[in-house]
Amino acid sequence: GVSSFGVPIVGSGSDIPVTTGSYFFVSSGTGNAGNTGSTQDDPLATITQALAKCTASKGDVIVVMPGHTESIASAGGITINKIGVTIIGLGTGTLRPTLSWSATASTMLVTAANVTLKNLLFVSGIAEVVTGITVSAAGFSMIECEVLPIATNTWINFLTTTASGDYMTIAGCRFRTSAIPTGN
C-alpha cells in the first residue's frame, strides 16, 4: 500500500494515472469479493466487483494486476456503467490481464461516457463471438490493448458502437486473427 501524493506505486513506471478519485485493485489470483480493493495487498477478484465500488464522474481507476484472468460468459458479463472510469492492466506480454469471452453471445457493455481501457488482452475463447464489446456512450478510449483468438476461435465483431458512441479513440492496439469467421 505505498503511495506518493495519493497515487499508488506498483513497481516502476507511470502507467497508473493520477486522479482525485479512488483506486481499486483487482487480482484473480489473490482477490476476494470481501476485500476492500483499496490496496494491491487487499484486491477484489473481478472487474465487476471493482466497478460496484466506483463513483461516477470522480475519475476512479481500476488497476488490474499482472496475470489476472477473467471470463465473460454472458451478455453484459462486464458492464462498465460509471462515467469517467479508467481500467488499466499491469504487466507486459502474456502477463497482461486477460479477459476471455466464453460464449458466442457474451459481451462487455460500455454504457457510461469517458471510459478508458488500457493494456488489456482480449481473447476469443470460443468460435465466433458475435460482438465482444458494445459501446453506447461518448468518449470511449481503448489504448495499447491486444485482441487475439485462441487457435481457430474468432470474433464476428470485436467492437460495435451505437450512435451515442461519439469521440471514440483506439490507439496503439493490435488486432490479430488466425481464422476467418463463417458468420457475417
Sequence neighbours left out, what passes side chain to side chain donor-acceptor pair (under 3.5 Å) with [X]? Give chain and number order.
| X | value |
| --- | --- |
| Thr134 | Thr160 |
| Thr30 | Ser27 |
| Ser38 | Thr36 |
| Thr162 | none |

Would you say the side-chain atoms of Thr107 and Thr131 include a donor-acceptor pair closer than 3.5 Å?
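No - no donor-acceptor pair under 3.5 Å links their side chains.
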Pick out which of Ile80, Thr116, Val135, Asn114 makes a side-chain contact (heavy atoms from CB on, under 4.5 Å) with Phe140.
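With Phe140 as partner, Ile80, Thr116, Val135, Asn114 yield a single side-chain contact (heavy atoms from CB on, under 4.5 Å), made by Val135.
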Do any pairs count as a ring-ring contact (aromatic ring centres under 6.0 Å, His included) and have a residue in residues 42-72, sequence neighbours left out, and if so which ones?
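Not a single pair qualifies under ring-ring contact (aromatic ring centres under 6.0 Å, His included).
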Considering all heavy atoms of both residues, which atom of Ala103 and which atom of Ser106 are nearest to each other, and what is their separation?
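Distance-wise, the nearest heavy atoms are O-OG, 2.5 Å.
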Which pairs with one or both residues in residues 76-88 pass salt bridge (Lys or Arg N to Asp or Glu O under 4.0 Å), sequence neighbours excluded?
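Listed by first then second residue: nothing to list.
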Can you tell me how far CZ of Phe25 sits from CD1 of Ile62, rounded to the nearest 0.5 angstrom?
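Here the rounded value is 11.5 Å.
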Are any of the side-chain heavy atoms of Ile47 and Ile87 separated by less than 4.5 Å?
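Ile47 reaches Ile87 side chain to side chain.
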Side chain to side chain contact (heavy atoms under 4.5 Å, CB included) involving [X] - partner list, sequence neighbours excluded:
| X | value |
| --- | --- |
| Ala105 | none |
| Thr79 | Asn81, Leu109, Thr111 |
| Ala52 | none |
| Thr55 | Lys58, Asp60 |

What residues form a ring-ring contact (aromatic ring centres under 6.0 Å, His included) with Phe122, not counting sequence neighbours?
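Trp101, Phe158.
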For residues 141-149, dump all side-chain donor-acceptor pairs below 3.5 Å to protein atoms at least two apart in sequence or in another chain.
from   : atom 1 : to     : atom 2 : distance (Å)
Glu146 : OE1    : Arg96  : NH2    : 2.6
Glu146 : OE2    : Arg176 : NE     : 2.9
Glu146 : OE2    : Arg176 : NH2    : 2.6

